[in-house]
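First comes the structure, then the notes that go with it.
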Amino acid sequence: MNDEKLYQFNEIEPKWQKFWRDKRLFNVDTRNYKDKYYCLMMFPYPSAALHVGHGRNYIIGDVVARYKMMRGFNVLSPMGFDAFGLPAENAAIKGGMHPKTSTLNNISTMKRQLNQWGVEYDWDREVISCLPDYYKWTQWIFLKLYEKGLAYKKKAFVNWCPSCKTVLANEQVVNGGCERCGTEVTQKDLEQWFFRITHYAERLLKDLNKLSEWPERVKTMQANWIGKSEGVEIDFEIEGMKERLKCFTTRIDTIYGATFIALAPEHVLADKLMEGNKDKGRLLEIIKKMRDESRVSRSQEDVEKEGIFTGRFVINPVNGKKIPIWIANYILMEYGTGAIMAVPAHDTRDFEFAKKYDLPIEVVIDNPDSPLKAGTMKEAYVGEGVMVNSAQFNGMDSKESVVKIAEFFEEKKFGKRCVQYKLRDWLISRQRYWGAPIPIIYCPKCGIVGVPEKDLPVLLPDNVEFRPTGESPLKYAKDFVNTKCPECKGAATREIETMDTFVDSSWYFLRYITPKLNDRPFDTDLVNKWLPVDQYIGGIEHAILHLLYSRFITKFLHDIEVIGFDEPFRNLFTQGMIIKDGAKMSKSKGNVVSPDGLIKDYGADTVRLYTLFIGPPEKDAEWSDRGAEGAYRFLGRVWRLVEKGQAAKFMGQEKTNISKEEEGLRRKTHQTIKKVTEDLDGGFHFNTAISSIMELVNEVYDVIGSSSRGHGSADNSPVLTEAVESIVILLSPFVPHIAEEMWQRMGKQNSIFKCPWPSYEKSFLLEKVIILPVQVNGKLRTRIEIDAGIKEDELKKIVLSDPKVLAWTKDKNIKDFIIVPKKLVNIVI
RNA sequence: GCCGAAGUGGUGGAAUGGCAUACACGAUGGUCUCAAAAACCAUUAAGCGCAAGCUUGUGUGGGUUCGACUCCCACCUUCGGCACCA
């Protein structure tokens, strides 16, 4: 990098950053909600330093906010910090600072970085989730859920990360490992707090349809995660026992082919079924082994199917046949009823199991394309077909029989239709220090008591030793633990566990509207005016976690009537990652690109422009420092255009007639305004918007270049003025500092962001003479210059008399002559 | 295995039925300079040709169409999500 700069970005950028802040350009009075536009970026965890990959999120958001501002919206763009969490605590354990200190330090570093990017927010609304004025209301939400029976405590096998020494929600287990550190997750039998998100499963699924402006893949991922299945719960009679056995199936059409029943090893009836069995002792031993093994390895693939016969049978209600009951390791207790009817002929897993243990296979749905024979089947036939061996349903289409047999079951009271979801309740307690305390008190007399609202917040004590013991460190903070029961005033103890940080982040977008309120979490009326969020921007990694939790909490707050909407984010944009050397940027890989050096060498506007130009923002993109230099060169080119032209020189006089060249430039200017506007309104097509501005800049240079060679006089031309002004305005959301500087140098008074976005004139877009491609049999052969308004028969005459066309068409029979108006012609011979 | 996204020059990408490779990066040659940097100009998909030009070309194979990167069918590869969910 040479010392000579293409322009003085190091002076320009801080100057305008200060100017925008002094003018309070991004500060909003939320009481004024006319033409409101709520633009929100996912608030970050305060880590030590940001890299250019993080920058993409904030830069995109800043472009949207500035653009909407210029379109006349009252834009709210706030920022905050998701400040509770493990990394700060882990650092403290290693002997560093208190998590609170390091977190607040990191926040100020991040704010400095955001500032130097020229990314502006309404900082008066800053929300920091680890501060008591915020987590007081996180606790309040917990208590509301508790009041409604939607927060509850239960003993259960839960996911445990041995490295983080805490439990994890199902959503936080990725490929059997901890979402944060990757350590293989084990199971622990613990009493834990859950939020009853399953209560909202149907609405969370159904309302995805309302989210027309969300990326399809995010909605698909959520729908798969919720995992709805409709089927029938069959109520089986167990031979010789008064207990009944319930099995859930989505394939009731295969009921006549059920040849065994399989139970999860954890099933409540598993032990009881063995009673009276000679082999009881040995069998119970095997079941116990299955339970232990399956819990550890169930997340791993290709576990060999194992099972044992219990000696008992159920009666198939449709035909009275006895069906043996097995216990099998491939049945999950958590899903359905923990028991299935197994149909080996039509289910891959049951087929595998039946083959291993030599259980009968009975075909009840025939493949219309190639008839099935139970004895020779190599794999289960899972498709649709014609019903066979199914009594009165024979000959029926299997799809139709799903409905018919379900109706038959309900009529005969053999079972009932029901719906199952894969979604499980959200485990929210954590055995770690740096989180919001769960506002619960245990009283020996009154039991579990919620902390009264007037006693909130339950403050997280500062002086705590962070021993990673697997139990919350708060256990050793005696002053914290020992308290009085709010009901009987007797001695009592506090809940020592803290909340999952995803609880903190599931409602922060509501707090920004009235961030300073201390008697309520937010002002209902104003929140109802400003939300749902008009544009939410963040990473795809939150497709399920944060976005599902936020939707759940929003629906809950809607149901208790403290907000009037039940979906938080109207538009969602998920940006792609920035990759370096083929991998995600990370310290351990040593491929982190820091913005600091780049900003020092080229300025923030260059980093912004390149980040936006690198490719479609929803896709991953490979970072190249060379590419960033190209963006810098472009800004230099624009700068010289304004400076060399002495800016004011472009403020030309009205001219009555303009040259052909100027007319072309004017057309290009208006086409560019159209293109950029459509690219920003129709999606986030920053890369193509920028390239079209580059084209306009190139054209201006062409026009200036040719006029200086004496071919015309574009200097002092209003057309040129318009072109240059348009370039500056169209660029301003992307590169705000240089645009603001050029704007002022062009003699403008107000901030460029107070200036209305330009509009284009339709009549200027049209060309009088066009160059029309001519194809022969679909192959391009020549181009002909014609008048735009030419009539079809005249065009045909011109085309067919063209010598190049004649070379291809002579001696040939012309079958067809296709004219696509103003686009092309195709001659078929 | 299931669901989803994608596959275009040396590279990032553009074009969603009508001129494939816009815009940029890189490369090569040139102008300016004592020199360098910057800037500017030219060339840059492949093959054939002195040239005009011709042929081929958007993962593979088919199809629809006057015309296909774009639509349909089958397949291959890569990435992401889910995964013994009954």
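The chains referred to below are lettered A, B, ... by the order of the sequence lines, with proteins before strands, and numbering in each begins at 1.
Atom CD1 in A:I544 sits roughly 17 Å away from atom P in B:rC3 (whole-Å rounding). For A:I827 and B:rC19, the CD1 to P distance is 16 Å, given to the nearest whole Å. The nearest whole Å value for the distance from the CD1 atom in A:I327 to the P atom in B:rC84 is 20 Å. Whole-Å rounding puts the A:E334 CD to B:rC84 P distance at 10 Å. Per the geometry, CG belonging to A:D816 stands 12 Å off C1' belonging to B:rU65, to the nearest Å. What separates CG of A:L780 from P of B:rG67 is a distance of 16 Å, to the nearest Å. The CZ-P distance, from A:F734 to B:rC23, rounds to 18 Å in whole Å. Atom CD in A:E629 sits about 10 Å away from atom P in B:rA27, given to the nearest Å.
Of the side-chain N and O atoms in A:N224, none sit less than 4.0 angstrom from OP1 or OP2 of B:rA83. OP1 or OP2 of B:rC54 sits under 4.0 Å from a side-chain N or O of A:R781. Side-chain N/O atoms of A:R633 include none lying less than 4.0 angstrom from OP1 or OP2 on B:rA24. Note on A:N687: a side-chain N or O is less than 4.0 Å away from OP1 or OP2 of B:rA14.
Atom name C1', nucleotides B:rG57 and B:rG47: the rounded distance is 11 Å, in whole Å. The gap from the P atom of B:rG10 to that of B:rU60 amounts to 14 Å, rounded to the nearest Å. Taking atom P on both B:rG63 and B:rU58, the two are 16 Å apart, rounded to the nearest angstrom. Here the separation of B:rC71 from B:rG18, taken at their P atoms, is 11 Å to the nearest Å. When the P atom is compared between B:rC54 and B:rG61, the two are found 25 Å apart, to the nearest whole Å. Nucleotides B:rU21 and B:rA14 are separated by 8 Å at their C1' atoms, to the nearest Å. Across B:rC40 and B:rC50, the matching P atoms stand 36 Å from one another, rounded to whole Å. The separation of B:rC19 from B:rG67, taken at their P atoms, amounts to 15 Å, rounded to a whole angstrom.
Within 4.0 Å of A:I614, counting heavy atoms only, lie sugar-phosphate atoms of the nucleic acid but no base atom. At the heavy-atom level, A:K619 lies nowhere under 4.0 Å from the strands shown. Residue A:E695 is in sugar-phosphate contact alone, with no base atom involved, counting any heavy-atom pair closer than 4.0 Å across all strands shown. Residue contacts for A:N698: at a heavy-atom cut-off of 4.0 Å it reaches the sugar-phosphate backbone alone, with no base atom in range. Among the protein residues, A:G227 comes within range of no part of the nucleic acid, since none of its heavy atoms lies under 4.0 Å from any strand. Contacts of A:S229 with the nucleic acid, taken as non-hydrogen atoms under 4.0 Å apart, involve only primed sugar atoms and P, OP1 or OP2. Across all strands shown, A:Q775 has heavy atoms under 4.0 Å from base atoms, whether or not it also approaches the sugar-phosphate.
Within 6.0 Å of NZ in A:K356 there are more than 12 heavy atoms belonging to other residues, nucleotides or ligands.
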Could you write out RNA chain B as dot-bracket? Rules: Watson-Crick or G-U wobble, both distances under 3.5 Å, brackets [ ] for crossings, | for pairs with another strand, dot for unpaired.
(((((((..(((.....[....)))((((((.......))))))((((....))))..(((((..]....))))))))))))....
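Under a 4.0 Å N-O distance rule, the pair A:K219/A:E216 qualifies as a salt bridge.
The aromatic rings of A:Y357 and A:W326 sit tilted relative to each other, their planes meeting at an angle between 30° and 60°.
At least one side-chain heavy atom of A:I252 sits less than 4.5 Å from a side-chain heavy atom of A:F409. Contact check for A:I60 versus A:L612: side-chain heavy atoms found under the 4.5 Å cut-off.
A:K422 NZ to A:Y335 OH: the interatomic distance, rounded to the nearest 0.5 Å, is 7.0 Å. For the atom pair A:S390 OG and A:I255 CD1, the distance stands at 9.5 Å (nearest 0.5 Å).
Considering every non-hydrogen atom in both A:D425 and A:I197, the closest pair reads OD1-N, 3.2 Å.
With hydrogens and angles ignored, no donor-acceptor pair closer than 3.5 Å exists between the side chain of A:K422 and the base of B:rC82.
Each of A:I340 and A:Y610 lies near RNA chain B, and the nucleotide nearest A:Y610 is the one positioned closer to the 5' end. Where A:T250 and A:T220 meet RNA chain B, the nucleotide closest to each residue was compared, and A:T220 sits on the side nearer the 5' end.
Residue A:F613 has its side chain nearest to B:rA24 when only B:rA24, B:rA22, B:rC84 are considered. You'll find that the side chain of A:T688 is closest to B:rA15, out of B:rA83, B:rA15, B:rA86. Of the candidates B:rC23, B:rC84, B:rC25, the closest approach to any side-chain atom of A:R626 belongs to B:rC25. In the set B:rG13, B:rC84, B:rA86, B:rG13 carries the atom at the smallest distance from any side-chain atom of A:P616. Comparing B:rA24, B:rA86, B:rG67 by their nearest atom to the side chain of A:N826 picks out B:rG67. Minimum atom distance to the side chain of A:M221 is reached by B:rG81, of the listed B:rG81, B:rG12, B:rA86. Between B:rA83, B:rA22, B:rG12, one nucleotide has an atom nearer to the side chain of A:S691 than all others, and that is B:rA22.
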In sequence, state the C-alpha distance, the side-chain angles, and the governing distance for A:Y610 and A:D625, and then conclude on side chain to side chain donor-acceptor pair (under 3.5 Å).
CA-CA 9 Å; A:Y610 178 61; A:D625 286 346; over 6 Å; no
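A glycosidic torsion no more than 90° from 0 defines the syn conformation; B:rG80 lies beyond that range and is anti.
Remark: A:K305 is not positioned above the aromatic ring of A:F353, lacking an NZ or CZ atom under 6.0 angstrom from the ring centre and at most 45 degrees off the axis.
Judged by distance alone, the side chains of A:T688 and A:D679 do bring a donor and an acceptor atom under 3.5 Å apart.
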